[in-house]
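So the structure is just underneath, and the comments pick up after that.
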Amino acid sequence: MQIVDRIKNCNGCEACILGCKYACIKIVRDEQGNKRPLIDESGCNKCNNCVLYCPMFNPVELPEFEDFFEYKDEYYERDMAKVYRETIRSVKSGTTTEFVGTLCQIAGLKSVMGDRLSCDLRIFPLYCDPDNPKRPECETCPYVAK
């Protein structure tokens, strides 16, 4: 079963990739151009770690942010699983670390960090919609009060 069958509102944060012990999840673009996980079911043992790491399945509470930062292409087209790993490694080493991401990516990071954010982690939230840079949330974002 594909993760998007269980997580209908998948936001493409890529946290599920870190949860997969068998490295059988990759991110693909759907018909609308959104990032979605695709599971190689021949390698999946149905452990559900991918779902457990998903902030849409196991919601996390985000801090409130007053300032959002401008859209830049390089922040939206990153390999987030790699960014999460680098960020976690840096924080664990005791280094003050900066993380730039959308609210969904911040939720993904918090999810893979066990729903905790280190005091050594500086977070810079991005506007989610590059076409409307003054709006910090997507229409379906569960992380912003409507």
Backbone N or O of C10 within a donor-acceptor pair of the R36 side chain at under 3.5 Å? yes

Strictly distance-based, threshold 3.5 Å: is any side-chain N or O of N58 a donor or acceptor partner for the main-chain N or O of L52? yes

List for me each residue that meets side chain to side chain donor-acceptor pair (under 3.5 Å) alongside [X], sequence neighbours excluded, and say none if there are none.
X	result
R29	E77
D67	none
S90	T97

If the condition is salt bridge (charged side-chain N to carboxylate O under 4.0 Å, His left out), which residues does D79 pass it with, not counting sequence neighbours? none

Contact check, side chains of [X] and [Y], non-hydrogen atoms, under 4.5 Å:
X	Y	answer
I17	P37	no
T96	V91	no
C13	P55	yes
I27	L38	no
E14	Q105	no
V28	K35	no

Does CD in E66 sit with more than 12 non-hydrogen atoms of other residues, nucleotides or ligands closer than 6.0 Å? no

Drop me the distance from [X]'s [atom1] to [Y]'s [atom2], to the nearest 0.5 angstrom.
X	Y	atom1	atom2	value
N49	L18	CG	CG	10.5 Å
N48	C50	CG	SG	6.0 Å
L103	N11	CG	CG	10.0 Å
T95	L121	OG1	CG	11.5 Å

ring-ring contact (aromatic ring centres under 6.0 Å, His included) partners of residues 22-66, not counting sequence neighbours, each pair once: none

Parallel, tilted or perpendicular: rings of F99 and Y84 (30°, 60°): parallel

With P125, the side-chain contact (heavy atoms from CB on, under 4.5 Å) member among T102, V100, I106: I106

Verdict with reasoning, C24 to C44, per side chain to side chain contact (heavy atoms under 4.5 Å, CB included): CA-CA 6 Å; C24 59; C44 178; 3.9 Å; yes

Enumerate the residue pairs fulfilling salt bridge (Lys or Arg N to Asp or Glu O under 4.0 Å) with a member in residues 87-114, sequence neighbours excluded, ordered by first and then second residue. K110-D115

Can you name the closest pair of heavy atoms from K21 and C47 and give their distance? CE-SG, 4.2 Å

Looking only at non-hydrogen atoms, find the nearest pair between A15 and V112 and report the distance. CB-CG1, 3.8 Å

